[in-house]
2 protein chains.
Amino acid sequence: MILEKKKAFNSFAAAKGLRSTRQRDIILDIFLSTHQHISVEELYLKVKSSNPGIGQATVYRTLKLFAESGLAREILLHDGQTRYEHVVAGEHHDHLVCTGCNAIIEFEDETIENLQKDIALRHGFFIRSHKLEIYGLCSTCRI
Amino acid sequence: MILEKKKAFNSFAAAKGLRSTRQRDIILDIFLSTHQHISVEELYLKVKSSNPGIGQATVYRTLKLFAESGLAREILLHDGQTRYEHVVAGEHHDHLVCTGCNAIIEFEDETIENLQKDIALRHGFFIRSHKLEIYGLCSTCRI
DNA sequence: TATGCTTTTGAAAATCATTTTCATTTAGTC
DNA sequence: GACTAAATGAAAATGATTTTCAAAAGCATA
């Protein structure tokens, strides 16, 4: 799965005429080894710990490329940091965001996805992507 | 309706022990006279045109208060500016965001709302609010 | 109405995430 | 190996937002 994603990114890069660089390979490896919703700063720190030479700007630039390639998706929560999550082909999930402990619970619901398509159809709208975030308190924090 | 909202905000302010000021009254009036999704900068410019003395920081501070009072809601799109929309009690709408022309189309769908409640229930999650944004191209831009 | 205490304000400075600049390095090509 | 354009790192720049702080204003009380 990780190998497929690397291939997919390499195809994207090739198609765009981008050069293959050590930095991008490293950042891709580390990004793929993380879990959901990592912020740029967090990823940068991870990268720096094993590769002190890699600069922050490169991490920013590279994550934007990942998003452009479809490998990652930018998400904006309310803490002022852009986060990136993994995109799994043919799969979409949404988020329950706990405002108590900042936990993020993922869920999938096909019915909601289909209803969105209906709505878009009704408005003559062509869907590229979507984002559903439900804010509140998780089972632990509501007590 | 506008009057009710003003009263609601005044109650909130009173309960919080905030003082009533000319600036907040003016900003509230102007905010209530606008349509959906105004950015802080946009509102500040409107405010400044009729009241040049009012500073930007006051607009930022006041909009945060509006959000806290439940009168307004912060929304984050992908242009790096925080926007505020009007909250209408007992009503919720979501957004179709056109990435071509930045138009925002609102819609309401009770079924989606109910499905969200089901999902929350399944996860033992208590919902405070939610946000659904569908990105793509509107009927004009898709052509 | 004047007094005193505290909040609010405006202007400017500070902050913080992100982007840009630019000199240097590097990948891909001849 | 040499050339050319793209990529990088470090630092500076940017832009939205927040904070600071001295002055002004609100509110309670005398």
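Chain letters run A, B, ... following the sequence lines, proteins first and then strands; every chain starts at 1. Please read these numbers as outputs of a predicted model, since none were measured by experiment.
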> In whole angstrom, what separates A:Lys16's NZ from D:dA5's C1'?
Replying inline: 15 Å
>> How many whole angstroms separate atom CG of B:Asp79 from atom P of C:dT19?
In response: 13 Å
> Base, backbone or nothing for each nucleotide of nucleotides 17-30 of chain D, written B, S, -, heavy atoms under 4.0 angstrom, 5' to 3'?
Replying inline: BBBB----BBS---
> Taking the six-membered ring where the residue is Trp, are the ring centres of B:Phe66 and B:Tyr84 under 6.0 Å apart?
Replying inline: no
>> Atom NZ of residue position A:Lys46 - does it have more than 12 heavy atoms of other residues, nucleotides or ligands inside 6.0 Å?
In response: no
> What's the CG-C1' distance between A:Asn51 and D:dA10, to the nearest Å?
Replying inline: 17 Å
>> From NE2 of A:His78 over to C1' of D:dA16, roughly how many Å is that when rounded to an integer?
In response: 16 Å
> Which whole-number value in Å describes the distance from B:Lys48 NZ to C:dA11 P?
Replying inline: 10 Å
>> Output the rounded distance in Å from CG (A:Leu63) to P (C:dT19).
In response: 11 Å
>> I need the OH-P distance between B:Tyr44 and D:dG15, as an integer number of Å.
In response: 16 Å
>> Once you apply a heavy-atom cut-off of 4.0 Å, does B:Gly53 come out as touching a base, just sugar-phosphate, or nothing?
In response: sugar-phosphate
>> Checking B:Glu41 against B:Gln56: is there a side-chain donor and acceptor pair closer than 3.5 Å?
In response: yes
>> Which label fits B:His93 and B:His37: parallel for a plane angle under 30°, tilted from 30 to 60°, or perpendicular past 60°?
In response: perpendicular
> Mind checking whether B:Leu77 and B:Glu133 have side chains closer than 4.5 Å, heavy atoms only?
Replying inline: yes
> How close or far is atom P of D:dA16 from atom CG of B:Leu76, stated in whole angstroms?
Replying inline: 14 Å
> Does a donor on one side chain sit under 3.5 Å from an acceptor on the other, for B:His35 and B:His86?
Replying inline: no
